[in-house]
Amino acid sequence: MGPFHLMRFILSALLLFFLTSISCFSQFSEKQKMVYTQIASLEFDSASVLLATDKDINAPHILLQNYLVAIKLLLHDNKDEFKKLKSRQDDYLQIINTLDDNDYITKWVRGELYLQWALIKGKFGEQVAATKDAYTAYQIFKDLENEYPQNVLHKKNLGWMHMMASLLPGKIRWLAKMAGVTVNYSLGFEQLSKAAYTPNDVQGEALLFKEWTDVFVFKNQDTVSSELKRFIQSHPYHELAKLLEIVILKKGNHNELMLSAIEKTKLMKQPYLIYLKACGLMYKARYDEAIDAFKLFLEKYHYPHYSYDVFLKLAFIAHISGDNATRDKLIEKIASLPKPDFEQDIYAQNFAIKGVFPAKELLIARLYSDGGYMLKADSVCNTIELSQLSPSEKEEYYYRKGRIAEQLKKNSDAMEWYEKCINNHVEGNYFAPNACLFKGKLLAKTNKKEAKVYLKRVFKYKNYDYKESIETKAEKALDEL
């Protein structure tokens, strides 16, 4: 997972985190609870109209006002809208500062505002301002911990900030340090657990966020938990909970379930979910439908991120279909575009510059594997004649067989395939470094000393795609050992 995908997942969980933090506040009036429900349903216009009739201008009211702005900006990529709305932060803080400063909820809401705007500013490239806001939020929550150690709302915030700081790649962890945030996911998990297992207004929702950390931080599960399923069933209006479900299904390669979940959410017309649907259709070899979905994404999404990647995926489909003219035109287009900064787009452009496609069967196996269709991927791999493959294709073949075996719970076979991949490395490929990572993580279960050898070996490879992501994962795996 590249850093931009990671931030998408973090933002997805954060949106759920923001809203479920207040879903059953005893401090909310009945009208404010109705507004909350409409926001969670993404009915922003209705929520705005109803909130305008709320005359109780207290801290929860201001929090709801900010949610209306924050969620719009975090769900969309409209820089003009961001420039137009970012002054709202000062407006809301001015109102908060007129309220009772000795009130716990007022103090907590002030911290929430700074934290939400830190994420918003970071998304739109204002890293210095984002770091300042994160620092202010963190200090507020730390003060609340000292002053109100028995309260749990701020523990969710502190826990979340500690967890997210631990997920930042090593090269940019200085951002967390500048914000004063301790890089400590064990402490973060302890604080989240405190919120989840102590009776309080947000206990159920804290359990959901704890689940997110189990999936994306501790990797303890790769599917949707029964708790999240029950939450969605009992809160059918909660579109952001459904978004979290989709993100978890994508991460776990549950392609069929992901596609089904996308069809059930109002967010299905959001560009990122159109992109995920297109990928899902491609993974299950429904190529014509995938082409249409990728084209729809390009029509709706007017920013450079993902476009290189989408052009490459369209080129992959053209290659598999034998449409070499379309394939070559797309590759030429990718190569001619400005240098990107999104990891998958960087891979797409590097691939285009090289201009060398793998054997069709190997590419089909790759796509089946990416979608979680391991038996189909293995069946295709078994039709490939190794003697007909180039050295680079052999490296990918061994890597793919290793991934398939691991996903089918054949760990001994997987480690043998990974070793073959490592021994057949071609400079510039990411397969061998990734094989070291996966073999190291498998060995960690039985032989930590040998696991460290493979995980450290990751850092010996130079100049390959996805280097930052793979090294970040190896770094975290070593930390856990």
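None of the values given here were measured: they were computed from a predicted structure. Values reported hereafter were calculated over all heavy atoms of this structure, with side chains retained and with hydrogens, waters and symmetry mates removed.
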Donor-acceptor pair, Ser336 side chain versus Lys333 backbone, under 3.5 Å?
yes
Counting distance only, does the side-chain N/O of Glu126 pair as donor-acceptor with the main-chain N or O of Lys121 below 3.5 Å?
no
Side chain of His319, backbone of Leu314: donor and acceptor closer than 3.5 Å?
no
Show your reasoning for whether side chain to side chain donor-acceptor pair (under 3.5 Å) applies to Gln116 and Asn66.
CA-CA 9 Å; Gln116 291 177 31; Asn66 201 67; 2.8 Å; yes
For the residue pair Tyr283 and Tyr368, is the inter-centroid distance of their aromatic rings smaller than 6.0 Å?
no
Are Phe294 and Lys277 side-chain neighbours, meaning at least one heavy-atom pair lies under 4.5 Å?
no
Least distance between heavy atoms, Ala315 atom then Leu330 atom
N-CD1, 3.5 Å
Which is it for Lys420 and Glu416 under the salt bridge (charged side-chain N to carboxylate O under 4.0 Å, His left out) test, yes or no, and what are the steps along the way?
CA-CA 6 Å; Lys420 288 183 178 181; Glu416 289 182 13; over 6 Å; no
Is Glu299 paired with Lys295 through a side-chain N to carboxylate O contact shorter than 4.0 Å?
no
Under the salt bridge (charged side-chain N to carboxylate O under 4.0 Å, His left out) test against Glu406, which residue among Lys409, Lys410, Arg403 passes?
Arg403
Using only heavy-atom distances, determine whether the side chains of Ser307 and Asp345 contain a donor-acceptor pair under 3.5 Å.
no
side-chain hydrogen bond (donor to acceptor under 3.5 Å, both in side chains) partners for Arg230, two or more places apart
none
Check Leu273 against Ile262 and note the closest heavy-atom contact, atom names and distance.
O-CD1, 4.0 Å
When rounded to the nearest 0.5 Å, the distance separating NZ of Lys439 from CG of Leu442 is 9.5 Å
Quick check: do Lys83 and Phe124 have side-chain heavy atoms less than 4.5 Å from each other?
no
Under 3.5 Å, is there a donor-acceptor pair linking the side chains of Glu419 and Tyr454?
yes
Quick check: does any side chain N or O of Asn255 sit under 3.5 Å from a backbone N or O of Gly280, one acting as donor and the other as acceptor?
yes
Do Gln89 and Asp133 make a side-chain contact, defined as non-hydrogen atoms from C-beta onward lying under 4.5 Å apart?
yes
Given the ring of Phe82, does Lys79 sit roughly above its face, with NZ or CZ under 6.0 Å from the centre of the six-membered ring and within 45° of the axis?
no
Check Glu450 against Asn447 and note the closest heavy-atom contact, atom names and distance.
N-OD1, 3.0 Å
Mutual orientation of the aromatic rings belonging to Phe357 and Phe351 [parallel < 30°, tilted 30-60°, perpendicular > 60°]:
perpendicular
Under 4.5 Å between any side-chain heavy atoms of Phe311 and Lys329, yes or no?
no
Taking atom CD of Glu332 as the centre, report whether more than 12 heavy atoms of other residues, nucleotides or ligands fall under 6.0 Å from it.
no
Which heavy atom of Leu312 sits nearest a heavy atom of Ile331, and at what distance?
CD1-CD1, 4.0 Å
Are any of the side-chain heavy atoms of Gln38 and Asp45 separated by less than 4.5 Å?
no
Quick check: closest heavy atoms across Lys269 and Ile274, and the distance to 0.1 Å?
O-CD1, 3.5 Å
Are more than 12 heavy atoms from other residues, nucleotides or ligands located less than 6.0 Å from atom NZ of Lys452?
no
Atom of Ile334, atom of Ala348 and distance for their closest heavy-atom approach:
CG2-O, 3.6 Å
Is atom CD of Glu385 surrounded by more than 12 heavy atoms (other residues, nucleotides or ligands) closer than 6.0 Å?
no
In plain terms, say whether Lys84 and Asp80 are close enough for a salt bridge, that is, a side-chain N and a carboxylate O under 4.0 Å apart.
no
Atom CG in Leu85, atom CG in Leu68: separation rounded to 0.5 Å?
10.5 Å
Enter the distance from Lys376:NZ to Leu367:CG here, rounded to the nearest 0.5 Å.
12.5 Å
Those residues that, when tested against Pro271, pass side-chain contact (heavy atoms from CB on, under 4.5 Å) (two or more places apart)
Phe297, Lys300, Tyr301
Check Asp413 with Lys401, please: is the shortest side-chain N to carboxylate O separation under 4.0 Å?
no
Is there a donor-acceptor pair under 3.5 Å between the side chain of Glu395 and the backbone N or O of Ala432?
yes
Side chain of Ser369, backbone of Ala365: donor and acceptor closer than 3.5 Å?
no
Run the salt-bridge test on Glu245 and Lys242 with the 4.0 Å N-O cut-off and return the result as yes or no.
no
Side chain to side chain donor-acceptor pair (under 3.5 Å) assessment of Tyr399 paired with Asn429
CA-CA 11 Å; Tyr399 171 78; Asn429 283 349; over 6 Å; no
May I ask you to test the Ile317-Asp323 pair for a side-chain heavy-atom distance under 4.5 Å?
no
Side chain of Glu393, backbone of Leu362: donor and acceptor closer than 3.5 Å?
no
Test of understanding: with side-chain contact (heavy atoms from CB on, under 4.5 Å), list the residues that count as partners of Met34, not counting sequence neighbours.
Leu50
Check against salt bridge (charged side-chain N to carboxylate O under 4.0 Å, His left out), Arg366 and Asp370:
CA-CA 6 Å; Arg366 179 195 296 191; Asp370 287 346; 5.7 Å; no
Any side-chain heavy atom of Ile422 within less than 4.5 Å of one from Phe431?
no
Electrostatic pair Lys72-Glu81, nearest N-O below 4.0 angstrom
no
Could you give me the CA-CA distance, side-chain angles and deciding distance for Ile39 and Tyr36, then say whether side chain to side chain contact (heavy atoms under 4.5 Å, CB included) is met?
CA-CA 5 Å; Ile39 295 174; Tyr36 157 77; 5.6 Å; no
Kindly say whether the aromatic ring centers of Tyr306 and Tyr272 come within a distance under 6.0 Å.
yes
Quiz question: by atom type and distance under 3.5 Å, do the side chains of Tyr398 and Asn423 form a donor-acceptor pair?
no
I'd like to check Leu455 versus Leu481 (side-chain heavy atoms, cut-off strictly below 4.5 Å). Are they in contact?
yes
Determine, for Glu427 against Lys462, whether the closest basic-nitrogen to carboxylate-oxygen distance falls under 4.0 angstrom.
no
Parallel, tilted or perpendicular: rings of Tyr461 and Tyr464 (30°, 60°):
perpendicular
Give the C-alpha distance, both sets of side-chain angles, the deciding distance and a yes or no for side chain to side chain donor-acceptor pair (under 3.5 Å) between Gln407 and Tyr373.
CA-CA 10 Å; Gln407 292 300 311; Tyr373 301 105; over 6 Å; no
Between Asn382 (side chain only) and Asp378 (backbone N and O only), is there a donor and an acceptor less than 3.5 Å apart?
yes
Distance, nearest 0.5 Å, that separates OG of Ser469 from OH of Tyr430:
11.5 Å
The reported gap from CG in Leu363 to CZ in Phe316 (rounded to nearest 0.5 angstrom) is 5.5 Å
Could you grab the distance from atom CZ of Arg400 to atom CD1 of Ile384, nearest 0.5 Å is fine?
10.0 Å
